[in-house]
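In what follows, every heavy atom counts, from backbone to side chain, and hydrogens, waters and symmetry copies are set aside. Every chain is numbered from 1, with letters handed out A, B, ... down the list of sequences.
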Amino acid sequence: MLSGLKKHLIISLIVRLILIIYGEIQDKISEVPYTDVDYRVVTDGSMQIAQGHSPFNRHTYRYTPLLAIFLLPNIYLHPCFGKILFAIFDLAIALIIRKIIIEEYYSLLLNQSTSIEDNKVKFEKKFNGNGNKNKFRLFGSKKDMKLIGTSDRMKFERMANFAAYVWLYNPLTMIIATRGNGDAITSALVLLSIFYLLKIQDNASEKDNERNVIKSGIFHGLAIHLRLYPIFFSLAYYMYLSDNKYQINSIQSLLNCFLKPNRKQIFLILTVLKVLIFLTGVFYLLYDYKYLYESIIYHFVRKDTRHNFSLYFYLQYLNSGGKVNILEKLLTFMPQIVLIILISFHFSRTRQTIQFGVFLIAFIMVTYNPVITSQYFVWFLSLFPLTVNNFRSLSFKQIIMLITLWFAGQGMWLFCAYFLEFKGINSFDFIWLASTFFFIINIVILQMLIENYDDSSIKLK
Amino acid sequence: MEILNSGFHRELKYSLKFAPVISCEVLLVQEIPSSVYVDVDQLFNLNKLNKIKTFVPYYIDVELPTSKSSPFKVYMFENVRKSVNITLPLHFRYHEPSDKKFNRVEIESPKIYLSNCPVSRGQGVLLPCRNSSEITDFLELASASFCEWTETQYSTPITLSFLIPVGNIKSYAFVLPITIFISWIACLFLTYVIIKKSREISKKVL
């Protein structure tokens with residue numbers, strides 16, 4: 001008999017493999033390919049590398065050369081290699097999510113035992129001499145403690161597996177990965193950086209902590225190198241490493257946390273910078289300015305005003321003829337920056353809240369992004385399972401309502417866009433309304449999630 | 001020549017009839033106005049499926065609006081048979097917003113050339129060879145070789161015209177304030193929700 005987790009890993013791998021095979025068949029017979037065009041671009045990039053050229057010789061190759069290097073077996077082995085690799089990363093994500101939650105258990109156990117130790121010391125001080133005898137009466141026998149331990153352990157196993165399944169069986173991520181979108185790699189790196197960040201503990205040795213800061217920094221740097229967006233998690237990570245984060249009660253103390261970095265915070269910054277400078281440097285030397293432009297600068301100057309889910313799409317389109325107004329740019333860019341900073345400061349105090357905080361930052365980034373397509377949803381969908389157990393207070397009805405609302409918002413938008421794209425009807429004003437409506441739905445979901453977030457649902461009995 | 005579908009993604013369908021049938025190769029040179037583009041990746045894919053053999057001598061940026069792009073030519077190759085049917089998928093670019101609801105886009109009939117015919121007729125011109133359609137590497141586009149083709153006249157050259165929806169510049173007056181207003185109201189609202197939750201959590205911690 002396979003354990004529950006293994007069974008689900010195998011099932012979800014098989015589902016993904018079937019989707020990959022299905023994709024191959026559709027690509028062969030249909031004019032509308034299943035495979036994402038970006039997957040072909042990256043494969044062509046790998047081809048260029050295999051022939052000893054720069055991947056940027058392929059038009060529209062706008063990723064790190066690392067991606068083309070990872071997909072070299074697409075040329076040597078089979079063009080599906082990359083998709084299988086992404087599917088394996090999907091499984092790895094589930095395992096990392098699970099591991100983070102299991103670690104939560106050990107961390108709580110450790111904290112509890114240290115607080116028991118503390119109590120014991122206090123107790124012994126009070127009843128000098130008789131300490132040993134009374135201790136057992138207070139905390140029960142060792143056997144009892146172990147029993148509580150196992151049932152807790154099982155509760156955490158259950159929560160961890162549940163979170164992993166939430167990821168594994170998400171149809172959106174299944175399809176995105178099997179169409180050949182490599183964002184699963186970035187998501188895995190983001191999760192690994194969080195994993196090592198959470199390993200840093202007050203009661204661990206300085207040396208261990210520093211080692212984990214460096215590991216976290218390396219993965220964070222890699223994630224930024226791959227996809228840029230994780231850079232917005234940096235402030236939250238940085239604040240989490242502050243020693244005085246529990247004592248923030250005024251602007252003054254907040255600024256202290258921010259402006260007077262401790263060793264760990266400096267280590268994090270330096271490691272991330274080193275990784276970024278190293279990778280950027282190496283690829284700049286190999287592929288010149290073209291690398292900098294295509295994979296970094298382009299993403300900042302890109303102006304795609306075609307219709308998409310974003311609140312800002314129509315505004316940008318109507319603006320596209322004239323000059324860029326600085327004030328307007330600021331007004332559209334500031335809200336998300338304000339919210340990201342706010343969340344970084346408010347939700348990076350405890351192990352629990354930072355996981356929720358990073359998820360919120362990703363969600364807000366996508367909601368306020370000037371361009372939104374469904375691929376962007378992976379940014380926060382991969383972080384949601386970490387915190388899924390914190391929403392026990394949401395009723396089943398509420399959850400169904402939120403999910404329905406979210407898809408209804410997208411459905412409405414697609415309906416309006418269909419008339420424009422395929423019927424040639426001028427429905428721009430309606431698409432804008434639908435985008436605005438979808439934005440409001442996302443804000444309502446954010447509000448519901450924040451209000452119903454319960455950081456005490458993950459605890460020992 | 002006729003256009004299929006509606007909206008931003010359409011297909012240009014050519015039906016040529018040859019009489020008498022000769023063993024030649026035929027080349028269609030289609031002028032594409034700046035408001036239209038072809039997706040080269042899509043064409044490569046169709047080439048692989050043997051649906052169409054094309055050559056586009058430049059890099060086509062599919063994201064640019066009409067005002068920032070320029071017209072170009074698509075070369076389509078086929079063998080002469082009794083009737084030749086070619087379907088070229090086209091996509092329309094966004095136009096700059098204006099006070100009109102639609103912009104008119106016009107596509108003219110292609111020029112038709114023949115080559116490798118048993119009997120050469122008339123003056124030849126140098127145009128890309130048939131094997132250019134195999135080029136998928138953008139750096140090699142310039143190295144496409146040229147062959148001699150002879151223009152051939154046909155009976156019914158036509159101009160197709162369609163209307164493409166355009167963003168309404170008048171909407172700017174309300175889109176700007178409402179978009180910004182909503183984004184900021186949402187920001188303030190979430191600020192309130194976040195701070196409230198944060199207070200709740202820190203109370204528990206203490």
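- Ranked by non-hydrogen atom pairs under 4.5 Å with chain B, the options A/Arg306, A/Met47, A/Met334 are led by A/Arg306.
- Counting heavy-atom neighbours within 6.0 Å of B/Tyr192 OH, excluding the residue itself, gives a total of 12 or less.
- Listed by first and then second residue, the side chain to side chain donor-acceptor pair (under 3.5 Å) pairs involving residues 436-452 of chain A are A/Trp406-A/Asn442, A/Gln447-A/Glu451, A/Glu451-B/Lys196 (not counting sequence neighbours).
- Taking every heavy atom of both residues into account, A/Tyr368 and B/Ser183 meet most closely at OH-O, 2.7 Å.
- Expressed to the nearest 0.5 Å, how far CD1 of B/Ile194 lies from CZ of A/Phe347 amounts to 6.0 Å.
- Residues from residues 60-77 of chain B that place a non-hydrogen atom less than 4.5 Å from a non-hydrogen atom of chain A comprise B/Val62, B/Glu63, given in numerical order.
- Of the two parts of A/Asp27, only the backbone, made up of N, CA, C and O, holds a non-hydrogen atom closer than 4.5 Å to a non-hydrogen atom of chain B.
- Taken from CG in A/Asp454 to CD in B/Glu200, the straight-line distance is 8.5 Å, to the nearest 0.5 Å.
- Here A/Leu331 contributes atom CG and B/Phe181 contributes atom CZ; the two are 13.0 Å apart, rounded to the nearest 0.5 Å.
- Side chain of B/Lys197 to backbone of A/Tyr453: a donor-acceptor contact under 3.5 angstrom is found.
- Atom CZ of A/Phe415 has 12 or fewer heavy atoms from other residues, nucleotides or ligands within 6.0 Å.
- Heavy atoms of other residues, nucleotides or ligands lying less than 6.0 angstrom from CZ of A/Phe437 number 12 at most.
- Remark: B/Lys111 NZ is loosely packed, at most 12 non-hydrogen atoms of other residues, nucleotides or ligands lying under 6.0 Å away.
- For a residue to count as touching a neighbouring chain, one of its non-hydrogen atoms must lie under 4.5 Å from one of that chain's; by this rule A/Thr353 touches chain B with the side chain only.
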Audit row: B/Ile180, A/Glu328, side-chain contact (heavy atoms from CB on, under 4.5 Å) steps and yes/no: CA-CA 8 Å; B/Ile180 300 227; A/Glu328 204 180 298; 4.2 Å; yes
Show your working on side-chain contact (heavy atoms from CB on, under 4.5 Å) between A/Arg40 and B/Asn45 and close with a plain yes or no. CA-CA 10 Å; A/Arg40 286 147 194 267; B/Asn45 190 38; 3.4 Å; yes
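- The contact between A/Ile425 and chain B is made entirely by backbone atoms, counting heavy-atom distances below 4.5 Å.
- The distance from the CH2 atom of A/Trp432 to the CZ atom of B/Phe174 is 5.5 Å, given to the nearest 0.5 Å.
- The contact between B/Tyr172 and chain A is made by backbone and side chain atoms together, counting heavy-atom distances below 4.5 Å.
- With a 4.5 angstrom heavy-atom cutoff, A/Phe422 touches chain B via backbone and side-chain atoms both.
- Ranked by heavy-atom pairs under 4.5 Å with chain B, the first of A/Val41, A/Ile440, A/Leu420 is A/Leu420.
- The structure places NE2 of A/His307 at 4.5 Å from OH of B/Tyr94, a figure rounded to the nearest 0.5 Å.
- Heavy-atom proximity under 4.5 angstrom to chain A picks out B/Pro165, B/Val166, B/Gly167, B/Asn168, B/Ile169 from residues 159-170 of chain B.
- Counting heavy-atom pairs closer than 4.5 Å to chain B, the top-ranked of the candidates A/Pro335, A/Ser435, A/Pro33, A/Gly424 is A/Pro335.
- Atom-to-atom distance recorded for B/Thr179:OG1 and A/Leu315:CG is 5.0 Å, nearest 0.5 angstrom.
- When B/Leu190, B/Ile195, B/Leu49, B/Ile185 are compared by the number of non-hydrogen pairs under 4.5 Å with chain A, B/Leu190 comes out ahead.
- Using a 4.5 Å cut-off between heavy atoms, A/Phe356 does not touch chain B at all.
- Inspection of non-hydrogen atoms places A/Gln48, A/Asn57, A/Arg58, A/His59, A/Thr60 of residues 48-61 of chain A under 4.5 Å from chain B.
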